[in-house]
**Student:** 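Sending over a structure as structure tokens; questions will come in a sec.
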Amino acid sequence: MSLKFALVGNPNSGKTCLFNELTGSTQYVGNWPGVTVEKKEGRVKKLKEDVKIVDLPGIYSLSPYSLEEVIARDYLLDEKPDVIINIVDATNLERNLYLTTQLMEFGLPMVVALNMMDEIEAKGDRIDIQALEQTMGIAFVPTVATKGKGINELIQKALQVAKAASAGTLIKPPSPAIFTEMIEKCIEETEKILTSQIKGADFNSRWMVLKLLESDEKVIARINASEALLEAIKPYRERLEKEYDNDVESILADERYRYISQVVSRTVKRKRPSDSMTVSDKIDLIVTNRFLAIPLFFAIMYIVFKLTFGTVGTFAVEYIEVFFSETVVGQLSAWLEAAGAADWLQSLIVDGIVGGVGSVLIYIPQIIILFFFLAILEDSGYMARAAFIMDYFFRKLGLSGKSFIPMLLGFGCSVPAVMATRTLEDEKDRRLTIILTPFMSCGAKLPVYALFAAAFFVAKQSRVVFSIYLLGILVAIFSGFLLKKTVFKGESSPFVMELPPYRVPTFKNLMIHMWDRSKDFITKAGTVIFAAAVLIWFLQSFNFSFQMVEDPAGSILGVIGKAIAPIFAPLGFGDWRAAVAILSGLLAKEVVVATFGILLAVGEVAEGSMELIAALQTYFTPLKAYAFMAFTLLYMPCIAAFGAIKREMNSWKWALFAVGYQTLMAWLVAFLIFQVGSILGFS
Amino acid sequence: MQKTLNELKPGEKGIIKKILGKGLVKRKLMEMGVTSGVEVLMRKAAPLGDPIEVNIRGYELAFRRADAKKILVE
């Protein structure tokens, strides 16, 4: 028997952790039906039945206001999973049950995972699970996802419910009395109208009826509701609005919470009042303190950078570089020589592949370290505080503090960062955030700075790299103001956000989180960068009549580079090699380094990047190098990020506007740096 | 006495009476549990005075002063 379970729950309810516990290492990432958006799927481990679990985005409600909510509800409507597993944070029961009351209306079999029961016990609170099950008419299974407790019971319960449902023996509990008699009457009448007007459609879901009463535009469009149908429903809506002196959405939300409050007061016995000071609140007294918050924020950012790009990161990078340049290249060259490989083959493998891929691969430790720290910030709950502190600034840019999170993730990789904008409710907000996010220097650009900083700014490497990161932020702020005044006029966007309690991130989750993101880089090194290295090697080794050339200036690449080089001349780097490096950076930003590795240190990459640095110094000056770094920071992101931008913008026009704007800014900023720098006497 | 949530001082409590106006923020607030009859505790303001953090239904929620002005409490 093959089954499909959907995992739904609030953000911070431990959903991802539960998903990982359920699936082990068998998860994989696919796409959502309809929109091309990533979804996580996996098979339940250690089970004889074939059960697939789909991890839906973390949401608070099933309203149509954020893309994540729309994705979740469309999935439930289109795919009809065999069981909904609703994960609920037991320490925050009232708000979590709000989503539960909506999910119940889908009429699908459902099991609730009552998570974080260890924290309930630690607090000395009691939850009467039997009473909860009886009042709400659904199964509740206590779990502690972080410790793997209750997972078996949960999956067995879900299987039992699924089997009962397919055998037709599942007793559908009567809908709990959430709404008043008058509202129920209106629901009943509306349902009658619907079933009489549209045949064959699935209106057994109460949820759909309620959404029509709320006049949810997405649902109206979905069922293609006629004018006549909407007219027929209208009197019921008006009756409710008149009676309660409010709009239907608000009435229903009010009633749901009223019901939930009753349920919770009957089933939960709290040892201390729910608003008493917790450890988390005490930490917050310091972290969001009026005077300490902002210095602390900058200190945390600085420490993250210092550790990534300073001591730990550099040590790891050097270690790997020695391994590459001495062990790998030495062994490989000797072996190829002994095997009597042709010259071109030796050149391809040593200069092209090892030189190209290797010059990027050595930076992977730094990228992993950066992702590790970002994972800590996210999992501990600090990210939400940062958004809270920064909202005041972001509002000035016409954004909200929530945009802070995608932007911070942008320091890791623009792809997940752009995808993280899905939590923003406002379309304008999303677009502006997507345009600004690539200005946050991603991990892949780091090898470029590291190379140039080592070549030209030996004494002050980390300060120079830090200044480039700062430059990205400044350009983003400036662009925010500019675009807000021109393209994105209008009200500033809303900010309503939960501040989850601080939690010590579990080591396992940190590792999964870090690995999930880092593996993209490693796969890229094996695929895109590998292919790019081979391609660039080929283009710089052959001319247009496909003959091998001695001097790369006469190669195919040399000719293309020379054609576009004049564009970059006013920026200080009009050499064709720089032009080619910039072009190749569109494949992936790290490729810029690989290209220089191949172009400048032909035949000598084997000696490691010291040779590359020496070669660079003959083509660049410190000022030109800085302008080049700035250009690399700002110009159009790599193809993968462009793909993400196109998907999330859902429009070619906007996606092209974004990358066009970014490239223009890159040119202008590098131009200013080089020209003003020259006038001021720098070189 | 009628006043708005914005006027509560840190540590003060109130009962939500009504959220004025309509639109995205109001719906979002209601989804997050800011509905009539519920008790709310003002925790603090952000370092720059805005947004604010309240404790409601046993968790911490942050939103802006401009929106807090539309929430009537007693």
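Owing to the predicted nature of the structure, the values given are computational and were not obtained by experimental measurement. Throughout, protein chains are lettered first and strands after them, A, B, ... in sequence-line order, and every chain is numbered starting at 1.
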**Student:** For residues A/Phe388 and B/Ala62, report the shortest heavy-atom separation together with the two atoms involved.
**Tutor:** CD1-CB, 3.5 Å
**Student:** Quick test of your reading of the model: are A/Asp284 and B/Arg43 salt-bridged, counting only N-O distances below 4.0 Å?
**Tutor:** no
**Student:** At a 4.5 Å cut-off on heavy atoms, which part of A/Phe393 comes close to chain B: side chain, backbone, both, or neither?
**Tutor:** side chain
**Student:** Do A/Tyr257 side-chain atoms and B/Gly33 backbone N/O form a donor-acceptor pair below 3.5 Å?
**Tutor:** yes
**Student:** Can you tell which part of B/Leu48 gets under 4.5 Å to a heavy atom of chain A, answering side chain, backbone, both or neither?
**Tutor:** both
**Student:** Tell me whether A/Arg126 at atom CZ has more than 12 heavy atoms from other residues, nucleotides or ligands lying less than 6.0 Å away.
**Tutor:** no
**Student:** Does the pair B/Glu60 and A/Thr278 meet the rule for a side-chain contact (heavy atoms from CB on, under 4.5 Å), with working shown?
**Tutor:** CA-CA 11 Å; B/Glu60 310 296 320; A/Thr278 60; over 6 Å; no
**Student:** Please state whether the side chain, the backbone, both or neither of A/Leu499 comes within less than 4.5 Å of a heavy atom of chain B.
**Tutor:** both
**Student:** So which of A/Arg385, A/Arg95, A/Glu498, A/Glu249 has the biggest tally of heavy-atom pairs under 4.5 Å with chain B?
**Tutor:** A/Arg95
**Student:** Do other residues, nucleotides or ligands put more than 12 heavy atoms under 6.0 Å from the NZ atom of B/Lys17?
**Tutor:** no
**Student:** If you tally heavy-atom pairs under 4.5 Å against chain A, which of B/Thr35, B/Val38, B/Leu29, B/Leu61 wins?
**Tutor:** B/Thr35
**Student:** Among B/Lys26, B/Glu31, B/Arg64, B/Lys28, which one satisfies side chain to side chain contact (heavy atoms under 4.5 Å, CB included) with A/Val496?
**Tutor:** B/Lys28
**Student:** Tell me, side chain or backbone of A/Asn96 under 4.5 Å from chain B's heavy atoms, or both, or neither?
**Tutor:** neither
**Student:** What's the verdict on side-chain contact (heavy atoms from CB on, under 4.5 Å) for B/Met32 and A/Ser61, showing C-alpha distance, side-chain angles and the deciding distance?
**Tutor:** CA-CA 9 Å; B/Met32 298 301 273; A/Ser61 136; over 6 Å; no
**Student:** Quick check: do B/Ser36 and A/Arg258 have side-chain heavy atoms less than 4.5 Å from each other?
**Tutor:** yes
**Student:** Is the count of non-hydrogen atoms from other residues, nucleotides or ligands lying under 6.0 Å from A/Tyr244 atom OH greater than 12?
**Tutor:** yes
**Student:** Checking side-chain polar atoms at under 3.5 Å, does B/Glu53 have a donor or acceptor matched by the opposite partner on A/Thr288?
**Tutor:** no
**Student:** Between A/Arg290 and B/Pro47, which heavy-atom pair has the shortest distance, and what is it?
**Tutor:** O-CB, 3.7 Å
**Student:** Between A/Ala253 and B/Met30, what is the shortest heavy-atom contact and its length?
**Tutor:** CB-CB, 4.1 Å
**Student:** For B/Ala66, which atoms come within 4.5 Å of any heavy atom of chain A: side chain, backbone, both, or neither?
**Tutor:** neither
**Student:** Can you tell me which portion of B/Leu20 sits under 4.5 Å from chain A's heavy atoms? Options are side chain, backbone, both or neither.
**Tutor:** neither
**Student:** Can you tell if the side chain of B/Arg27 reaches within under 4.5 Å of the side chain of A/Pro494, non-hydrogen atoms only?
**Tutor:** no
**Student:** Among B/Val25, B/Ile19, B/Asp50, which has the most heavy-atom pairs under 4.5 Å with chain A?
**Tutor:** B/Asp50
**Student:** Please flag which part of A/Glu69 lies under 4.5 Å from any non-hydrogen atom of chain B: side chain, backbone, both or neither.
**Tutor:** side chain
**Student:** How close do B/Tyr59 and A/Asn92 get, counting heavy atoms only, and between which atoms?
**Tutor:** CB-ND2, 3.4 Å
**Student:** To the closest 0.5 Å, what do you measure between CG (A/Asp391) and CD1 (B/Ile52)?
**Tutor:** 11.5 Å
**Student:** Would you say that more than 12 heavy atoms from the other residues, nucleotides or ligands in this model lie under 6.0 Å from the NZ of B/Lys70, or not?
**Tutor:** no
**Student:** Among A/Ile260, A/Thr91, A/Asn289, A/Asp281, single out the residue with the greatest number of heavy-atom pairs under 4.5 Å to chain B.
**Tutor:** A/Asp281
**Student:** Which bit of A/Ser400 comes within less than 4.5 Å of chain B, counting heavy atoms only: side chain, backbone, both or neither?
**Tutor:** both
